Amino acid sequence: MSAEIRSHLTELLIRALARVAPEEPATVITLERPKQARHGDFSCPAAMQLARNLKRPPRDIAQALVQALPGSEWLESAEVAGGGFINLRVRPAAKQHAVTTILEKDHAFGRSARGQGQAVMVEFVSANPTGPLHVGHGRQAALGDSIAALLESQGLRVTREFYYNDAGAQIRALALSVQARAREALGLPSQFPEDGYHGEYIAEIAQKYLASDAGSSAGAAHDLEAIRRFAVTELRAEQDRDLQAFGVRFDNHYLESSLYADGRVDATVAALVAAGKTYERDGALWLRTTEYGDDKDRVMRKSDGAYTYFVPDVAYHLTKWERGYRKVINVQGSDHHSTVTRVRIGLQALGRGIPPGYPDYVLHKMVTVMRGGEEVKISKRAGSYLTLRDLIDEAGRDATRFFLVSRKADTEFVFDLDLARSQSDENPVYYVQYAHARVCSVLEQWRARHPEEAASAGALSGADLSALTGAREIALLARLGGYGEMLEEASREQAPHQICFYLRELAADFHSYYNAERILVPEPAPRRARLALAAAVKVVIRNALALIGVGAPEKM
RNA sequence: GCGCCCGUAGCUCAGCUGGAUAGAGUACCUGGCUACGAACCAGGGGGUCAGGGGUUCGAAUCCCUUCGGGCGCGCCA
C-alpha cells in the first residue's frame, strides 16, 4: 500500500467529483489514514466540505461520489459513513504487492529519489571543546544523525557538520584551568580562574600534559598556548571517541579559529559596514538588527576590540551559503534560540540575497535523567555531570539512541536510566529488536526443516501471496505499505521520533500475528506466503532501526 | 516586564496541512507457555485534552485570553 495507491484513489475521486460537481476544484479531494481499521484503508472527508456550496446534505454528496466512482482493480469497496465520510478499502492483492517490493528492494526499500540529490547540511552537536559530551549533546547527536539519515533516505545529499567554538573566552578559561591544575601538580603557586572549569577531567588533562613531550620541558606550565592546544586536542579526541561509540560520524569539522585565520571574520564585519548596517557608539561597533525586527541593536565588536560570538557565527553560516548549501538545518538546544534571529539577521544584512528563513533550526529541550526515582543533578560549573559516555556504558548504545530519539524535539525529556538499562520487557527498544530476532529465528527453523525450499531462488520473493488475507495479515501488509509515507512525513517534519512510533506499531502487529498464527505450516503455498511476509517485516524493521542508529540483532 | 516553547490517563508520551467514540507504553486487574523465541499475546478498568471565550458542518489541533512550567532577554558563548 504505497503512494501509488493513494494517488490512484485520489484520481478516482477527482473523476467522480468531475461528474457530480464539475465546478468544484479537485483540491477538495484529500485522503487521510483512518485511525480505526473499520474505517477502511483511506478516508475522504470532501463531501462535508462541499455541503455548503452544493447546498446538499453531506451524506447525499458522498453517496453520489461513490456511485460516480470509476471501476478499479485496486478498489475493494467504497462506502459512506459517519457524517459524510467516504471510506475506501483496498483489495488484498494491492496490499500484498508491498511484500514483493520490500523483498526486491531490500536495503533500498523506503528510499526515495524525491530529493533529487539536493545538497543539504545538517549541523549538530557542535559542542565547545571544553569538556566531555553530556546528555544534552547525546539527544542532539541522536536527533541530528537521524534527521540526516531521514533526509538521505529521501534522496538528498547530506553533509553532517560539527562546528567547534575553539576560539574565544571559553577556550581561554579552559587553558587557564588546565594550567592551574598543572601548576598545582608541580607544587607551584597557582590561581584557579574565576570562570574556570572544575571537572575532574581538567586535572587529568593537566597530568597528561605534564607527561607529554610538550609538557615535560622546562617552563611548560607557563606556556599557555601549548596548554591550550593540548587540552583542545585531548577533548576533541575524547568527544570523537564518544560519538564513535554512539554510532555518529561527521563528514566535516569546522573550526571557529579558522574563520579568524582565513580573515572571514574581518571580511564579514567589513561587508556589514559596507552595507551601511552598522554604527559606532561607546567605543563599540553595533549592528542595526532593529531594522530586521530585533528589539535592540547588537554589539559586534566590543570596546576592547574583541568580536562578540555572533560575528563568527554569521561568518560561519555565510560559508555554508558560499559552499552551495541552499538548505541548512541546525540542531541546537532551545537555550540558544536567541541566536536564531541574530544569525538570520546578520545574513540578511549582508545583502547577499540569502532568504530570511535561512538557516532552518530544529531546537530541542533539555534532558533530565532519572535514576532510582530521583533526578540526577547536572551542573557543569560544579563539574558534576552525567556524560554521554556514562549513558552508553550504563544503558548500551542501542537503548540510549532509541530513547533519545523517541520524543519530539520540543518536549522536555525525562530519561529514565533504570528503564533504559533494564534488559526486560519494559524496555521498548527490546520489544522492537525482539520482533526482528523472532523473524530471524523462524527463517532459521525454515532453512533447517525445508532446506530444498529455502535454497531455491525466489522461494520468498517470488511467493504467491494470495493466501495473505487474514485480518492480522492485512493489518501487517498495510503497516508495511505505509513505511514510505511515514518516512516522507518524518523527513518533512524533521521528526525522527515518528520512526520509533512506527517501529513499535510494526513490531506489535507482528507479535500479535505471530502469537495468533503459525508461520511454518505444512502446506508449502501458505508457508511461503507467510514466510515472505515475515521476511518483509524483518527488512523494514532493520531498515528503520538503521535510520536511528540502532542495531537489528538476529539473536538476543 | 517582553519573546519563544510546553501543558493530553497515576507516570512517560503519540495524535500529520482541523475529521468519526482522544490513542500507545507503563502501572493495576484477569487469562494464555508439551505449537516456529512468553524480552510475547488476548482482555479489563483508567480522561473536564490546564481553565474560559471565538472561528467552523466539525477543534486536543487554528485565533484571543487567564493560569501553570521551561528557556531566552549581556560590550558571555
Side-chain angles (χ1 to χ4, degrees), chain A residues 30 32-36 38-39 43-45 47-52 57-58 81-85 87 128 130 165 168-171 195 256 281-286 295-296 298-310 312-313 333-341 363 365-366 370 406-416 419 422-431 433-435 437-446 448-449 485-486 489-490 492-493 495 497-498 500-501 504-505 507-508 510-521 527 530-531 534 555-556:
Chain A
T30 56
E32 44 196 57
R33 299 296 210 129
K35 292 170 194 158
Q36 299 183 48
R38 64 187 183 84
H39 291 143
S43 180
C44 177
M48 291 178 287
Q49 288 160 29
L50 291 166
R52 169 174 289 211
F85 289 97
N87 291 341
N128 295 345
T130 55
N165 289 107
Q170 295 195 12
I171 295 298
D195 53 352
E256 182 191 2
R281 197 182 72 199
D282 304 333
L285 184 68
W286 298 69
D295 50 356
K296 57 179 126 174
R298 304 291 167 179
V299 170
M300 295 169 60
R301 192 179 57 225
K302 300 183 274 182
S303 50
D304 68 2
Y307 294 117
T308 56
Y309 69 94
F310 97 92
D313 269 5
S334 61
D335 54 336
H336 285 81
H337 78 248
S338 64
T339 68
V340 174
T341 32
L363 300 179
K365 298 256 176 128
M366 296 298 109
M370 303 292 286
S406 65
R407 308 272 196 273
K408 266 187 316 195
D410 59 4
T411 57
E412 298 275 348
F413 193 104
V414 180
F415 191 103
D416 186 336
L419 180 59
S422 77
Q423 306 225 342
S424 73
D425 54 351
E426 297 165 26
N427 194 329
V429 69
Y430 297 123
Y431 182 83
Q433 290 184 323
Y434 185 58
R438 260 185 158 173
V439 174
C440 292
S441 176
V442 174
L443 290 171
E444 199 172 318
Q445 291 279 337
W446 173 54
R449 293 186 204 176
E485 282 176 44
M486 182 278 293
E489 184 182 324
R492 189 179 61 242
E493 312 261 319
H497 73 275
Q498 293 184 16
C500 294
F501 283 88
R504 229 216 160 272
E505 285 162 354
F510 177 73
H511 285 311
S512 176
Y513 174 57
Y514 182 89
N515 272 274
E517 310 287 345
R518 203 170 161 72
I519 293 172
L520 293 173
V521 289
R527 177 173 68 230
R530 292 174 189 191
L531 281 162
K555 291 187 191 330
M556 296 172 62

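Computed from a predicted model, the values in this text were never measured in an experiment. Reckoned from all heavy atoms, side chains included, excluding hydrogens, waters and symmetry mates. Order of the sequence lines sets the chain letters (A, B, ...), proteins ahead of strands, with each chain counted from 1.
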Student: Rounded to the nearest angstrom, tell me the gap between atom CG in A:Asn128 and atom P in B:A77.
Tutor: 11 Å

Student: A:Arg504 CZ to B:A39 C1': how many Å, rounded?
Tutor: 11 Å

Student: In whole Å, what separates the C1' atom of B:G47 from that of B:A22?
Tutor: 9 Å

Student: What is the pairing partner of B:C49, taking Watson-Crick or G-U wobble pairs with both distances under 3.5 Å in any strand?
Tutor: none

Student: Please check the phosphate of B:G15 (OP1 and OP2 only) for any side-chain N or O of A:Lys408 closer than 4.0 Å.
Tutor: yes

Student: In whole angstroms, how far is the P atom of B:C40 from the CD atom of A:Glu517?
Tutor: 20 Å

Student: Taking OH from A:Tyr434 and P from B:A39, how many angstroms apart are they, rounded to a whole number?
Tutor: 4 Å

Student: Can you find a heavy atom in the side chain of A:Arg298 that is under 4.5 Å from one in the side chain of A:Phe310?
Tutor: yes

Student: What integer distance in Å separates A:Phe413:CZ from B:A14:C1'?
Tutor: 14 Å

Student: Kindly say whether, by distance alone, the side chain of A:Ser43 makes a donor-acceptor pair under 3.5 Å with the base of B:A20?
Tutor: yes

Student: In whole Å, measure the gap between the C1' atoms of B:A42 and B:C5 for me.
Tutor: 41 Å

Student: Rounded to whole Å, please give me the gap between CD in A:Glu444 and P in B:C36.
Tutor: 14 Å

Student: Starting from C1' on B:A77, measure out to NE2 on A:His337 and report it in whole angstrom.
Tutor: 15 Å

Student: Considering Watson-Crick and G-U wobble pairs with both distances under 3.5 Å, what does B:G23 pair with?
Tutor: B:C13

Student: Considering only heavy atoms and no angle criterion, is a donor-acceptor pair shorter than 3.5 Å present between the side chain of A:Gln445 and the base of B:G37?
Tutor: no

Student: Give a yes or no on whether a donor-acceptor pair under 3.5 Å exists between the nucleobase atoms of B:A20, that is its base, and the side chain of A:Asn87.
Tutor: yes

Student: Expressed as a whole number of angstroms, how long is the span from A:Arg407:CZ to B:G70:P?
Tutor: 20 Å

Student: Are A:Tyr431 and the base of B:A39 stacked, counting only ring centres nearer than 5.5 Å and planes tilted under 30°?
Tutor: no

Student: Using 4.0 Å as the upper bound for N to carboxylate O, is an ion pair formed by A:Arg449 and A:Glu444?
Tutor: no

Student: Quick one: is A:Lys296 getting a side-chain N or O under 4.0 Å of the B:G74 phosphate, OP1 or OP2?
Tutor: yes

Student: If I pick the P atom on B:C28 and the same atom on B:U34, what distance separates them, to the nearest angstrom?
Tutor: 25 Å

Student: Is A:His497 stacked on the base of B:A14 when the test is centres under 5.5 angstrom and planes under 30 degrees?
Tutor: no

Student: So what does A:Arg449 touch, heavy atoms closer than 4.0 Å: a base, only the sugar-phosphate, or nothing?
Tutor: sugar-phosphate

Student: Rounded to whole angstrom, note down the P distance from B:G7 over to B:G15.
Tutor: 10 Å

Student: Ignoring hydrogens, what is the shortest heavy-atom contact between A:Ala508 and A:Tyr431? Give both atom names and the distance.
Tutor: CA-OH, 3.0 Å

Student: Quick one: is B:G70 close enough that its OP1 or OP2 comes under 4.0 Å of any side-chain N or O from A:Ser334?
Tutor: no

Student: Give none if B:U61 has no partner; otherwise give the nucleotide forming a Watson-Crick or G-U wobble pair with it, both distances under 3.5 Å.
Tutor: none

Student: With a 4.0 Å cutoff (strictly under), does any side-chain N or O of A:Thr411 reach OP1 or OP2 of B:A14?
Tutor: yes

Student: Suppose you measure atom C1' in B:U8 against the same atom in B:G69; what distance do you get, rounded to whole Å?
Tutor: 15 Å

Student: Looking only at N and O atoms, is any donor in the side chain of A:Ser338 or the base of B:G72 less than 3.5 Å from an acceptor on the other one?
Tutor: no

Student: Can you tell me how far C1' in B:G58 sits from the matching atom in B:G19, rounded to whole Å?
Tutor: 7 Å

Student: Please tell me if A:Arg527 has a side-chain N or O lying less than 4.0 Å from either OP1 or OP2 of B:C36.
Tutor: no

Student: So, under a plain 3.5 Å distance rule, would you say the side chain of A:Tyr309 forms a donor-acceptor pair with the base of B:A77?
Tutor: yes

Student: Using a 4.5 Å cut-off on heavy atoms from C-beta on, say whether the side chain of A:His39 contacts that of A:Phe85.
Tutor: no

